[in-house]
Amino acid sequence: MSKIHLETIEKMDIKSFQQDLISWFEREQRNLPWRNERDPYKVWVSEIMLQQTRVETVIPYYNRFIEQFPTIDALAEADEEKVLKVWEGLGYYSRVRNLQEAVREVKEVYGGKVPDTREEIASLKGIGPYTAGAILSIAYGVPEPAVDGNVMRVLSRILTIWEDIARQATRKIFEEAVRMLISHQNPSYFNQALMELGAMICTPTSPSCLLCPVREHCQAFHEGVQENLPVKTKKKKPKNVQLAAAVLTDQDGNILIHKRPSSGLLANLWEFPNTEINLTIKNDKQQLSQFLKSEYGADTIIREPIGQIEHVFSHVVWNINVYKGTILNNLKQNNDLRLVSPDHLKEFAFPVSHQKMFMQFLESKGKTL
DNA sequence: TAACCGTGGCA
DNA sequence: TTGCCAAGGTT
């Protein structure tokens with residue numbers, strides 16, 4: 001870490017800072033489901049769910065997930081299909097596929113006990129530097145840094161660190177700072193308190209400095225520059241992709257669904273058949289019909305459009321034209337291609353955009369009846 | 001290093 | 001409406 005930050009820390013009363021921070025956390029912390037016990041598995045599940053995801057969003061997912069898979073054994077033995085179904089709508093689906101793979105490794109390699117060293121725990125799928133530190137400190141009381149976006153924002157202000165927190169390498173600077181600041185008496189509360197402070201007081205815009213328990217220790221507050229920190233470069237716009245999709249029924253009223261590949265966007269989720277549209281040709285129905293024939297061997301009639309859907313991801317935006325249609329021939333089903341009754345669809349995990357497609361399909365049926 | 005990987009809420 | 005975000009990890 002640079003000399004400037006070191007000098008700022010050396011001027012701090014670290015014991016006083018720890019006490020002000022931790023006593024505030026003991027007083028003001030939110031009562032969250034995963035704070036009721038220190039089961040390393042439950043801490044683990046909560047930390048994976050909370051990656052890039054708001055607390056209020058996670059709470060119901062966490063409760064359902066622990067109810068369905070209360071132990072490492074339960075998750076290790078579950079079908080991936082059922083695991084994805086519980087995760088449906090939470091996003092970043094590789095998180096839960098990695099979690100299940102890692103839980104199986106804990107069973108086989110570590111006798112079912114979550115390891116308690118950074119090296120071992122960080123070697124598990126889906127556990128990076130932040131999550132390793134979070135599990136170690138919260139579940140095992142090990143004084144390891146757990147540097148997330150909150151911690152970088154809070155400490156960038158307290159220590160006036162002007163490094164770009166969008167850069168991956170910057171995290172190491174904050175980890176060094178935490179190693180110098182962390183309470184060895186209560187590493188769990190120290191780390192959680194930094195994050196809680198970031199979530200409740202030291203917010204990205206308009207931080208509530210007058211309510212802050214550690215404002216006396218905050219260099220940015222003293223200089224009046226808290227609104228200028230942290231430094232974070234902008235990310236670029238996602239690109240647009242035009243798709244055409246179809247909710248297709250056969251003569252028995254069954255609906256055609258397809259399982260996405262096991263890597264990449266929305267891996268292993270189910271979808272209604274769809275293809276990217278070449279805008280220079282701009283005949284949706286014809287391109288869709290040709291795709292269905294070549295990809296699935298399906299002879300189809302694409303009928304009227306039933307809606308349009310925009311699906312915004314981090315790096316791409318799907319603009320989907322949705323049609324209804326009919327399958328004319330007998331299709332050979334396999335692991336990735338299934339004809340299922342409408343009532344059966346709820347057992348498959350779909351991305352949000354495809355859930356909306358089925359809603360549009362039901363609405364279009366209501367109109368024609 | 002930067003791109004990839006979801007979703008919903010909010011200013 | 002648009003951009004930005006929210007307890008990151010993998011490639």
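Bear in mind that the values here come from a model prediction, so they are computed numbers and not experimental data. To find a chain, count down the sequence lines: A is the first, B the second, and so on, and within it residues start at 1.
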Would you mind listing every salt bridge (Lys or Arg N to Asp or Glu O under 4.0 Å) that reaches into residues 73-101 of chain A, with sequence neighbours excluded?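 Output for this query lists A:D73-A:K107, A:E77-A:K107, A:E81-A:K259, A:K85-A:E88, A:E101-A:K125.
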I need the full list of side-chain hydrogen bond (donor to acceptor under 3.5 Å, both in side chains) pairs touching residues 199-214 of chain A, with sequence neighbours left out, sorted by first then second residue.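 Residue pairs passing side-chain hydrogen bond (donor to acceptor under 3.5 Å, both in side chains), neighbours aside: none found.
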Quick test of your reading: applying side-chain hydrogen bond (donor to acceptor under 3.5 Å, both in side chains), list the pairs with at least one residue in residues 234-243 of chain A, sequence neighbours left out, ordered by first then second residue.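 Those involving residues 234-243 of chain A are A:N240-A:N319.
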Nearest-neighbour nucleotide for the [X] side chain, [options] considered:
{"X": "A:Y93", "options": "B:dA2, B:dT7, C:dG8", "answer": "B:dT7"}
{"X": "A:R167", "options": "B:dT1, B:dC5, C:dG8", "answer": "B:dT1"}
{"X": "A:H315", "options": "B:dT7, C:dC4, B:dC5", "answer": "B:dC5"}
{"X": "A:Q52", "options": "C:dT11, B:dT7, C:dG8", "answer": "C:dG8"}
{"X": "A:K236", "options": "C:dC5, C:dG9, B:dA3", "answer": "B:dA3"}

Rounded off to whole Å, could you give me the [atom1]-to-[atom2] distance for the [X] and [N] pair?
{"X": "A:Q168", "N": "B:dA3", "atom1": "CD", "atom2": "P", "value": "12 Å"}
{"X": "A:L90", "N": "C:dG8", "atom1": "CG", "atom2": "P", "value": "13 Å"}
{"X": "A:N268", "N": "B:dG6", "atom1": "CG", "atom2": "P", "value": "11 Å"}
{"X": "A:K232", "N": "C:dC4", "atom1": "NZ", "atom2": "P", "value": "10 Å"}
{"X": "A:L265", "N": "C:dT10", "atom1": "CG", "atom2": "P", "value": "18 Å"}
{"X": "A:K235", "N": "B:dA3", "atom1": "NZ", "atom2": "C1'", "value": "12 Å"}

Sequence neighbours excluded - ring pair (Phe, Tyr, Trp, His ring centres under 6.0 Å) pairs with any residue from [range]:
{"range": "residues 122-151 of chain A", "result": "none"}
{"range": "residues 34-53 of chain A", "result": "A:W34-A:Y62"}
{"range": "residues 232-271 of chain A", "result": "A:H258-A:Y296, A:W270-A:F348"}
{"range": "residues 178-200 of chain A", "result": "A:F25-A:Y189"}

Step through the shown structure and confirm whether more than 12 heavy atoms of other residues, nucleotides or ligands are within 6.0 Å of CD on A:Q251.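 Enclosed.
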Just wondering, are more than 12 heavy atoms of other shown residues or ligands nearer than 6.0 Å to CD in A:Q185?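 Counting other residues, nucleotides and ligands, CD of A:Q185 stays at 12 neighbours or fewer.
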Pairs under 3.5 Å (N/O, protein and nucleotides 8-11 of chain B):
residue: B:dG8; atom: N2; partner: A:R54; partner atom: NH1; Å: 2.3

Does A:G264 or A:A169 map to a spot on DNA chain B nearer the 5' end, using the closest nucleotide for each?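 Result of the comparison: A:A169.
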Base, sugar-phosphate alone, or nothing: which one does A:R97 contact when heavy atoms must sit under 4.0 Å apart?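 Touches nothing.
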Let's see if you get this right: which residues in residues 119-146 of chain A place a heavy atom under 4.0 Å from DNA chain B?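 Close to the strand, none.
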DNA chain B contacts made by residues 33-42 of chain A, counting heavy atoms under 4.0 Å: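 Listed by number, there are none.
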Below 4.0 angstrom from OP1 or OP2 of B:dG6, is there any side-chain N or O of A:H311?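 Checking A:H311 against B:dG6: no side-chain N or O falls below 4.0 Å of OP1 or OP2.
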Residue-level proximity of residues 23-31 of chain A to DNA chain C when a heavy atom falls under 4.0 Å: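 The answer is A:R30.
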Checking A:R171 now: which residues fulfil salt bridge (charged side-chain N to carboxylate O under 4.0 Å, His left out) with it, not counting sequence neighbours?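 Residues passing salt bridge (charged side-chain N to carboxylate O under 4.0 Å, His left out) with A:R171: A:E175.
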